[in-house]
Protein chains: 2
Amino acid sequence: MPRLPRDEVRRRLLAAAERVFAERGYADSKLEDIARTAGFTKGAVYSNFGSKQELFGAILSERSEAELADVMAGLDAGADVAALIEQAARTVAQRIIDDTERGRLGLEIAARAIRDEETGAVVAPMRRAQRASAGRAVREVTERAGITPPVDPELAGTILHCLTNGLAMEHLVDREGVDADTAERALRAVLGWLTEGVRK
Amino acid sequence: MPRLPRDEVRRRLLAAAERVFAERGYADSKLEDIARTAGFTKGAVYSNFGSKQELFGAILSERSEAELADVMAGLDAGADVAALIEQAARTVAQRIIDDTERGRLGLEIAARAIRDEETGAVVAPMRRAQRASAGRAVREVTERAGITPPVDPELAGTILHCLTNGLAMEHLVDREGVDADTAERALRAVLGWLTEGVRK
DNA sequence: GGTACTGAATACCCGTGGGTATGCAACTAT
DNA sequence: ATAGTTGCATACCCACGGGTATTCAGTACC
């Protein structure tokens, strides 16, 4: 039986770890289970990663900051502001609701980042970049439409980012309480507010 | 040496557990440490609580849903809308920033609620009540001022609640990135928007 | 096709901490 | 007083899982 290339083994282990960590949380994720999920044994894990923590850390690097970027990519560049908001709200809400795994892992990462210095050092700049990215998006859209947003774009980015994460967390905790419709309406309302400026 | 009343022992253990769980997270909190922090030994824990999980669960019941209530209580009932917003934004932002322990524990609870059914069953209704409470606050303020909010109060409650939690989480992950001033400006902006309706 | 090397599998070690059984001192009742 | 009860302390057990030493199969290179 021909051996898989090392990179492929690594990839599979990371994918498995991502799922298992999301599902059970860091503490309850056993390296044995992660390995078996990927189709290997614990030996493969220690051959590719130095420790459990390192495996967890490696996942961070994989989670691209492209998160927002590919939401933006899904939008029609030509559409008018109202249509953009409609699309963005729907897309982000959808993500919150059906990509539960992402949300769970995100929460797990945040929870760990608070106590583990190393994790925090990676996560904090990542989050900052995401907020800035959201801020730029607001700036671009409002500038293009020639309107003045009610708050400066940077703050708007923070508001959007935190609201999105807050909604995601709330949905994870209370599935029915915060459903797709609620999330979408909330986002639409806030996006609408942020882009309903006085005409310049 | 006179013995402390049972209730006092329980109280001290809960207080200690709250601190330790917040500080180290559920998994890394040792019952031995919690007990010693309270000035007792593990025996006291098992005399008052059935298990580690039960101790953790007991903390939930103690965390009153009064959270928002006492923010509201701190506001001048007579003040006008603008002043109310100013006060509320400041108070909530302060809480987010300097009551780090509360935030940490809240995140820990949320993280656990996702996977532990029992915890989830307690937390979900609690959160629902908090959102509803925020919604009522918006309704009262706007009605009293005779203005129509841009979104219905219930949704406004959800937005405020999620934004607040999102800001708290963000601050925990990136202390300097989201500081008191940022949180306050974000809250003031959103509160301002929610209460700047058309005059009826 | 032999030799050296790489990397995953296997088996084992051992610290750790939740849980429990027993001891023993402080309150209660009669 | 004193027997019974309550409730925390003490000592112990043991499952569990991260980490490691060793083995052994597949691969590369000459």
Side-chain angles (χ1 to χ4, degrees), chain A residues 1-60 105 108-109 111-112 115-119, chain B residues 1-60 105 108-109 111-112 115-119:
Chain A
M1 206 180 274
R3 194 148 59 164
L4 283 89
R6 189 168 176 70
D7 282 356
E8 179 60 22
V9 173
R10 193 188 157 89
R11 276 174 49 85
R12 292 195 191 179
L13 284 172
L14 279 170
E18 205 167 323
R19 281 174 45 196
V20 175
F21 279 137
E23 199 61 37
R24 314 190 190 169
Y26 185 85
D28 288 345
S29 295
K30 297 139 209 192
L31 290 181
E32 186 64 42
D33 291 351
I34 292 174
R36 304 275 288 209
T37 300
F40 302 94
T41 67
K42 219 168 45 167
V45 174
Y46 278 94
S47 172
N48 284 279
F49 305 92
S51 65
K52 187 183 186 182
Q53 171 61 36
E54 192 179 311
L55 171 58
F56 186 79
I59 292 174
L60 295 184
L105 186 58
E108 185 67 35
I109 287 175
R112 260 191 99 64
R115 287 174 209 101
D116 180 56
E117 218 172 294
E118 216 171 321
T119 305
Chain B
M1 205 180 275
R3 194 150 60 168
L4 283 86
R6 190 169 176 70
D7 282 357
E8 180 59 23
V9 174
R10 192 187 158 91
R11 275 176 50 86
R12 293 195 189 180
L13 284 172
L14 278 171
E18 205 166 325
R19 282 176 41 196
V20 176
F21 278 137
E23 200 59 36
R24 314 191 188 169
Y26 184 85
D28 288 345
S29 296
K30 297 140 210 189
L31 291 181
E32 185 65 42
D33 291 352
I34 292 175
R36 305 273 289 213
T37 299
F40 302 94
T41 66
K42 219 166 47 164
V45 174
Y46 278 94
S47 171
N48 284 279
F49 305 92
S51 66
K52 186 182 186 182
Q53 170 61 39
E54 192 178 310
L55 171 59
F56 186 80
I59 292 175
L60 295 183
L105 186 58
E108 185 66 36
I109 288 174
R112 258 193 100 63
R115 290 177 205 98
D116 179 56
E117 219 172 295
E118 216 170 321
T119 304

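Reminder, nothing fancy here: chain letters follow the sequence lines and each chain counts from 1. Remember, it's a predicted structure, so these values are computed and weren't measured experimentally.
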**Q** Send over the distance from B/K30 NZ to D/dC16 C1', rounded to a whole Å.
**A**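 Rounded to whole Å, this separation is 16 Å.
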**Q** Looking only at side-chain N and O atoms, does A/T41 come under 4.0 Å of OP1 or OP2 in C/dA9?
**A**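 It does, given that an N or O in the side chain of A/T41 lies less than 4.0 Å from OP1 or OP2 of C/dA9.
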**Q** Establish whether the base of C/dG19 is bridged to the side chain of B/K42 by a donor-acceptor pair shorter than 3.5 Å.
**A**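 For B/K42, whose side chain was compared with the base of C/dG19, there is a donor-acceptor pair (under 3.5 Å).
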**Q** So, is B/N48 close to the D/dC8 phosphate, meaning a side-chain N or O under 4.0 Å from OP1 or OP2?
**A**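 So the side-chain polar atoms of B/N48 do come within 4.0 Å of the phosphate oxygens OP1 or OP2 of D/dC8, strictly under.
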**Q** Write down the distance between CD (A/E54) and P (D/dT20), rounded to a whole number of angstrom.
**A**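 Rounded to whole Å, this separation is 12 Å.
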**Q** A/Q53 CD to D/dG17 P: how many Å, rounded?
**A**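 From A/Q53 CD to D/dG17 P: 18 Å.
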**Q** For A/F40, report the nucleic acid contact type (base, sugar-phosphate, nothing); a contact means any heavy atom under 4.0 Å.
**A**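 The residue A/F40 makes sugar-phosphate contact but no base contact.
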**Q** May I have the distance from B/D7 (atom CG) to D/dT6 (atom P), rounded to whole angstrom?
**A**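 Rounded to whole Å, this separation is 16 Å.
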**Q** For B/R12, is there an ion pair with B/E8 - N to carboxylate O distance below 4.0 angstrom?
**A**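 Yes, charged N to carboxylate O under 4.0 Å.
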**Q** Return the value, rounded to whole Å, for the distance between atom CD of B/E32 and atom P of D/dC12.
**A**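 After rounding, the reported distance stands at 15 Å.
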**Q** Does A/R24 come within less than 4.0 Å of A/D33, counting only side-chain N to carboxylate O?
**A**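 Yes, charged N to carboxylate O under 4.0 Å.
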**Q** Reading DNA chain C from 5' onward, which residue's closest nucleotide shows up sooner: B/K52 or B/G43?
**A**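 Checking each residue's closest nucleotide, the 5'-ward one belongs to B/K52.
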**Q** More than 12 heavy atoms of other residues, nucleotides or ligands under 6.0 Å from CZ of B/R11: yes or no?
**A**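 No, CZ of B/R11 has 12 or fewer neighbouring heavy atoms, counting only those of other groups under 6.0 Å.
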**Q** What's the closest nucleotide to the B/V9 side chain, out of D/dC8, D/dG17, C/dA8?
**A**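 From the listed options, D/dC8 comes nearest.
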**Q** Do we see a donor-acceptor contact under 3.5 Å between the side chains of B/S29 and B/E23?
**A**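 Side-chain D/A pair, B/S29 to B/E23: absent.
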**Q** Starting from P on D/dG18, measure out to OH on A/Y26 and report it in whole angstrom.
**A**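 So the OH-P distance, A/Y26 to D/dG18, works out to 8 Å.
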**Q** In terms of side-chain heavy atoms of A/Y46, which of D/dG19, C/dG18, C/dG7 is nearest?
**A**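 Nearest to the side-chain atoms of A/Y46, counting from C-beta on, is D/dG19.
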